[in-house]
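Step one of this worksheet: look at the structure below.
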Amino acid sequence: MTLADTQPQALSFDCETGNYHTFCPISCVAWLYQKIEDSFFLVIGTKTCGYFLQNAMGVMIFAEPRYAMAELEEGDISAQLNDYEELKRLCEQIKRDRNPSVIVFIGTCTTEIIKMDLEGLAPKLEGEIGIPIVVARANGLDYAFTQGEDTVLAAMAQRCPNKAPATASEQEERNGLQKLLNFGRKQEEVAAADSEYVDHPPLVLFGSLPDPVVTQLTLELKRQGIKVSGWLPAKRYTELPVLEEGSYVCGVNPFLSRTATTLMRRRKCKLIGAPFPIGPDGTRAWVEKICSVFGIEPKGLDEREAQIWQNLEDYVQLIRGKSVFFMGDNLLEISLARFLIRCGMTVPEIGIPYMDKRYQAAELALLERTCHEMNVTLPRIVEKPDNYNQLQRINDLQPDLVITGMAHANPLEARGISTKWSVEFTFAQIHGFANARDILELVTRPLRRNSALKDLGWEKLVKEEAQV
Amino acid sequence: MKLAYWMYAGPAHIGTLRIASSFKNVHAIMHAPLGDDYFNVMRSMLERERNFTPVTASVVDRNVLARGSQNKVVDNITRKDQEESPDLIVLTPTCTSSILQEDLQNFVDQAQMEAKGDVLLADVNHYRVNELQAGDRTLQQIVQFYIEKARKQGDLATEKTERPSVNIIGISTLSFHNNHDHRELVKLMGDLGIEVNAVIPDGASVHELKNLPRAWFNLVPYRELGGMTADYLHTEFDMPSVRITPMGIVDTARCIRAIQVVLNGQGAAVDYEPFIDEQTRFVSQAAWFSRSIDCQNLTGKRAVVFGDNTHAAAMTRILAKEMGIKVVLAGTYCKYDADWFREQVSDYCDEVLISDDNAAIATAIARLEPAAIFGTQMERHVGKRLDIPCGVIAAPIHIQNFPVGYTPFVGYEGANQIVDLVYNSFTLGMEDHLLEIFGGHDTKEAITREITTDSDLNWSKDGLTELNKIPGFVRGKVKRNVEKFARDRQITTITAEVLYAAKEAVGA
């Protein structure tokens, strides 16, 4: 790839509104049921939805029995059966078998089309079975892949208590996170530790991350004297964070624009719009932004970032000067592209299923700044890309790496193009300073593998000239 | 509404897409919301397919819903027609978009006016049939479409081939070991001196379909796919068909004999008995295996079989007839075709189970405690929990069902492969047993090897100590029986006393 002579001044956004492949947003149950340990996810949809979870995500078998399908049959579709009675029957069975702290109804395209009033049913049902029911419409008509998490968190945001519990026992039950951080310490020590924090309004972080990453990011802010009062979602539904009016909130995932809006509009929280804590550059910018909101002078971030970069150097050497093409899948694309450009890669195109320019504003600004600082062409951002057209562009550009959904990975590899599944970035631990190495481990793996096989001379494993 | 944790057969559109993408140069357009096009992922990932899956989703989103999808679908069909010039474009909705009750036939008619290739709407009811039935129907529909087209154009080939010939119907993509079965069946026909007129749909061109009537007969190796097509060809051209799955030595011979009858009925004079005898006694290893000393150890072992009709029925018969293994339960998830299954297996097993509820089969396995299971990936999972070995013999499809090496399930080589599968499933159990008897290396291992996720029982310290004294190869069984005993009596903590009480009561 050659750099264009004239560099565009600002990012360009296209919307192809094409035929593109990505996973269904109901996929979010695959990680959310693991994250929220006392939950039960009930996906209300058809055989098509169930078979997806089972075969394409390949997780159903392990999940049993903490998530299930409420499979809609002909009688449900033609409204011969009563939705309420049917759901009640299923919920009673779930209560009997599993007794979860919360049942999350995942609405699908089908419940949208038959206009099943899940939000209307839930309150009455909740009262009758005695378990909270959260309704999220994670349907493919409105959302793509990771946005499923957004719909669930937006719904849960409304269930967060608005003031701290009064009694000590309740407090005890709710304070899972603090307990974790203060593990093994005595009460007095904890009180003393509290003084390590600067006095600032409550801060709640939102976005589902594996527990070790939650701890890492919480500690990262603690180094700056910032106390995280809670995470949405918490490890348990009963530990949902307190959201007072005027609390500060900050997202860790780029696909949570609906949750952000709900927190601002419905819970009157103040959103901290920061780049996302992905890569050492992004994590630093994220910490800095939060510090700046609380009027704190960040300490030691320069050294910390420099040290992480130093640790990454062996991986960065492998990708510096190489090009990466994002076909677009999980909405992490902008953050990943920004980090990889900082590593010295070039990015001709970033496909993305949905682009919320307001929620991602800080990230987009950082991307632009990074491109200028690294002196590379700004990528073309293509919303709702057309996969067929993208394959033509890939064929023309011959990028060194394509980050793509699973449907295109093997055919591209067969045509001599190195690929990495975007899904892996969804499931891997990629947030924070320390995990930057994991991102590069993933990014460089196809390059390392294919350079190991290079001498065999088997680059292309299809007969015809790359037919797309 | 049905509470479902697992599905044995996929939704209808998967069946349609399996047929469409099996043919050469046929493209399918899915009229579906974002994310419903995971068929592409299954094809590309599970089957490690090198080519782009010839399926495009015409995405239905809020805007499309509001404006109506006609233009988008028609545009996508004509666009694909120009981009890749497929011979045929098959349009299919999914469970979701079929509720919209749009006149998709009208979309197809409109697209056909512009498209150079043929355009066809897959005609299946997405709420009444599953993947298997829909596949069968779509194959028949495509065959009928091209037979009628050829008839109209006057180039239908009905004259029989000079030498005996066959159409092998029902080999498809994303099916259980079909790619290897394909090769084995073609070889078998070659050995029998039968020309292969066509194999459909896998790798076939739709242009060949007008030549189907030229074959002397149709071979339908699988119960699930191809039956409707064979029926259609019988009605139209009076073509005979052979529908015996050539799986195992006995049924392969039965299939070949049926072929002989069909051919000789049309004027051939073939005698396949010497071939069958030679293969059975001297070439195939499977018949010899049944007689060898190794196989004696399997005599009277108890097995549970579960799968689709074809594989579960064939496996039951092989185990019972060819190996002397006792099939305590044979089951199928093909509820729509239950009578056939019962008729096929009832002489060879103690119990028949017709169900697509994974819990029903898991419960039956736990109750029967067989020495081995032959089932799907789900039963393999159940077996893991109960520490019972499981050989996988049927779909739902999994990446492990696409081994790189040659492993057919049909014909004489298939019989060998099945013997290996059975033998390996059982011997692993036997090895464990011997290790335990001779004080194997894992005597100190934790006793709770199974994951009793749903266990609400506690073992007291002395209970555990006693349990640990029980030899390892029966420990799992004793543990399960004691827990059952305790649960029945609402005992929550199992002490040494409870363990011995259980032993007395149920002989655990």
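Every chain is numbered from 1, with letters handed out A, B, ... down the list of sequences. Computed from a predicted model, the values in this text were never measured in an experiment.
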For the [atom1] atom of [X] and the [atom2] atom of [Y], what is their distance to the nearest 0.5 Å?
| X | Y | atom1 | atom2 | answer |
| --- | --- | --- | --- | --- |
| A:Y51 | B:Y8 | OH | OH | 12.0 Å |
| B:L34 | A:D142 | CG | CG | 10.5 Å |
| B:W6 | A:L53 | CH2 | CG | 11.5 Å |
| A:K47 | B:T96 | NZ | OG1 | 13.5 Å |
| A:L141 | B:D61 | CG | CG | 7.5 Å |
| A:F23 | B:D37 | CZ | CG | 9.5 Å |

Over all heavy atoms of both residues, which pair between [X] and [Y] is shortest? Give the atoms and the distance, please.
| X | Y | value |
| --- | --- | --- |
| A:M406 | B:M45 | O-SD, 3.7 Å |
| A:N410 | B:S44 | ND2-O, 2.9 Å |
| A:G18 | B:V59 | O-CG2, 4.3 Å |

Which atoms of [X] approach chain A - backbone, side chain, both or neither, heavy atom under 4.5 Å:
| X | answer |
| --- | --- |
| B:N76 | side chain |
| B:A32 | neither |
| B:R43 | neither |
| B:H13 | side chain |

Between A:E112 and B:R62, does any side-chain N to carboxylate O distance fall below 4.0 Å? yes
Worksheet item: Are B:K2 and A:D76 within salt-bridge range, i.e. N to O under 4.0 Å?
Response: no
Check: Between B:R128, B:K72, B:R50, B:H126, which residue shows the highest count of heavy-atom pairs closer than 4.5 Å to chain A?
Finding: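 Winner by heavy-atom pair count: B:R50.
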Take atom [atom1] in [X]; do more than 12 heavy atoms of anything else shown fall under 6.0 Å from it?
| X | atom1 | value |
| --- | --- | --- |
| A:R258 | CZ | no |
| A:R137 | CZ | no |
| A:E85 | CD | yes |

I'd like to verify something: which residue of [options] has the highest number of heavy-atom pairs under 4.5 Å with chain B?
| options | answer |
| --- | --- |
| A:V43, A:L87, A:I114 | A:L87 |
| A:T17, A:I77, A:L72 | A:I77 |
| A:N19, A:L81, A:I113, A:T108 | A:N19 |

Need one label for [X]: side chain, backbone, both or neither, based on atoms under 4.5 Å from any heavy atom in chain B.
| X | answer |
| --- | --- |
| A:Y20 | both |
| A:L461 | both |
| A:E413 | neither |
| A:A407 | both |
| A:I26 | neither |
| A:D329 | neither |

Task: Side-chain donor or acceptor of A:E74 paired with backbone N/O of B:Y127 under 3.5 Å - done: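 Such a contact is absent between A:E74 side chain and B:Y127 backbone.
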Exercise. Have B:T94 and A:T48 got a donor and an acceptor in their side chains that come within less than 3.5 Å?
Worked result: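 A:T48 and B:T94 do not have a side-chain donor-acceptor pair below 3.5 Å.
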Can you find a pair of side-chain heavy atoms, one from [X] and one from [Y], that are under 4.5 Å apart?
| X | Y | value |
| --- | --- | --- |
| B:F52 | A:H408 | yes |
| B:N51 | A:P411 | no |
| A:Q93 | B:L3 | yes |

Requested in this report: Test B:R79 against A:D386 for side chain to side chain contact (heavy atoms under 4.5 Å, CB included), laying out the working first.
Outcome: CA-CA 12 Å; B:R79 176 182 160 192; A:D386 188 276; 2.7 Å; yes
>> Is the positively charged end of B:K80 above the ring of A:Y388, judged by distance under 6.0 angstrom from the centroid and angle within 45° of the axis?
In response: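 Yes.
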Quiz item: Taking the six-membered ring for Trp, are A:F52 and B:Y38 parallel (under 30°), tilted (30 to 60°) or perpendicular (over 60°)?
Solution: tilted
